[in-house]
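Below you'll find the structure, written out as structure tokens, and then a few comments.
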Amino acid sequence: IKGGNITATGGKYGAGIGGGNAINGGNGGDVNGLVINGGTITATGGEGAAGIGGGEESEVSGLEIEELFYNTLNITAIGGEKGAGIGSGNADISSIDISLFYGTINAQGGKNGAGIGSGNGIFGRINIIGAGKIKATGLKSGCGIGSSGGEDGGTITITGIRDTQDLHIDANAWWEV
């Protein structure tokens with residue numbers, strides 16, 4: 001995705017943008033090499049799915065959000081139950097790379113989903129670099145940025161860029177009754 005105004009809502013077990021149902025070997029799809037470079041994007045995942053990333057039990061690798069210098073990037077991503085806002089849906093994820101210049105990301109996981117990271121699973125690596133604003137909220141057992149569902153996490157690297165606007169990150173985890 002390189003620009004424009006996009007609103008995407010996943011059906012049952014499907015990501016707003018990304019993979020579909022992979023339950024019991026379903027062919028709705030693993031996600032490898034999903035790249036977003038710009039635009040105003042609102043993505044909502046269905047049950048067990050991420051807003052942006054994997055559908056229910058989809059294997060996710062190579063999820064990249066890179067705001068190009070000449071593009072504007074504003075993302076709102078909301079995961080369904082057991083889905084991350086940005087990441088996996090009721091499954092593990094190997095890598096997420098986010099690079100911002102001036103953009104904003106608001107990512108909210110569903111119950112047992114991280115804001116950015118895994119939906120009820122393990123993550124391998126999350127890299128965030130640049131300047132801009134990120135708000136990441138996990139619900140129930142989900143981290144703001146990281147793993148969820150009581151699973152182990154991997155490496156999180158966050159790096160601001162000097163001589164430009166600051167990188168602001170607000171990451172929260174909320175226990176929902």
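Only this structure's heavy atoms are used, side chains among them; waters, hydrogens and symmetry mates stay out.
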* All side-chain contact (heavy atoms from CB on, under 4.5 Å) counterparts of N106, not counting sequence neighbours -> T76, K135
* Asked: With distance as the sole test, does S95 use its side chain to make a donor-acceptor pair with the main-chain N or O of G62 at under 3.5 Å?
  -> yes
* **Residue among N5, T7, I105, I17 satisfying side chain to side chain contact (heavy atoms under 4.5 Å, CB included) with I41** => I17
* Asked: Can I128 be reached from L34 by stepping across I, L, V, M, F, W or Y side chains whose heavy atoms are under 4.5 Å apart?
  -> yes
* Given side-chain contact (heavy atoms from CB on, under 4.5 Å), test I156 with F123 step by step and report yes or no. => CA-CA 9 Å; I156 300 172; F123 76 90; 3.6 Å; yes
* **Distance, nearest 0.5 Å, that separates CG of L100 from CD1 of I129** => 10.5 Å
* Go through the steps to decide whether N120 and S148 satisfy the test side-chain hydrogen bond (donor to acceptor under 3.5 Å, both in side chains), and finish with yes or no. => CA-CA 5 Å; N120 205 37; S148 62; 5.1 Å; no
* To do: Flag yes if I122 and I126 sit in one hydrophobic cluster, no otherwise; membership is Ile, Leu, Val, Met, Phe, Trp, Tyr, and two members link when side-chain heavy atoms are under 4.5 Å apart.
  => no
* Identify the heavy atoms of A8 and G16 that sit nearest to each other, and give their distance. => CB-O, 3.2 Å
* Which residues satisfy the side-chain contact (heavy atoms from CB on, under 4.5 Å) test with T155, sequence neighbours excluded? -> T157
* Asked: So if you build clusters from Ile, Leu, Val, Met, Phe, Trp, Tyr with side-chain heavy-atom gaps below 4.5 Å, do I116 and L167 land together?
  -> yes
* **Exercise: identify the closest heavy-atom pair between I52 and L63** => O-CD2, 4.0 Å
* **Non-hydrogen atoms of S147 and A114 that approach each other most closely** => O-CB, 4.0 Å
* Any salt bridge (Lys or Arg N to Asp or Glu O under 4.0 Å) involving residues 64-82? Give me the pairs, sequence neighbours left out, ordered by first then second residue. => none
* Asked: Which atom pair, heavy atoms only, marks the closest approach of A84 to G117?
  -> CB-O, 3.5 Å
* Please name all residues satisfying side chain to side chain donor-acceptor pair (under 3.5 Å) with T104, sequence neighbours left out, ordered by chain then number. => N74
* When you measure from the side chain of N71 to the backbone N and O of K2, does any donor-acceptor pair fall under 3.5 Å? -> yes
* **Under the side-chain contact (heavy atoms from CB on, under 4.5 Å) test, residues paired with S94 that sit two or more places apart** => S61
* Over all heavy atoms of both residues, which pair between G119 and S88 is shortest? Give the atoms and the distance, please. => N-OG, 2.9 Å
* Structure fact -> OG (S99) and CG (N37) are apart, to the nearest 0.5 Å, by 10.0 Å
* To do: Report whether I93 and I36 are members of the same hydrophobic cluster (ILVMFWY, side-chain heavy atoms less than 4.5 Å apart, transitive linking).
  => yes
* Structure fact -> Quick note, salt bridge (Lys or Arg N to Asp or Glu O under 4.0 Å) partners involving residues 84-100, not counting sequence neighbours, are D97-R125
* ILVMFWY cluster, I145 and L73 together (side-chain gap under 4.5 Å) -> yes
* Structure fact -> Heavy-atom closest pair (G55 atom, A49 atom, distance to 0.1 Å) is CA-CB, 3.8 Å
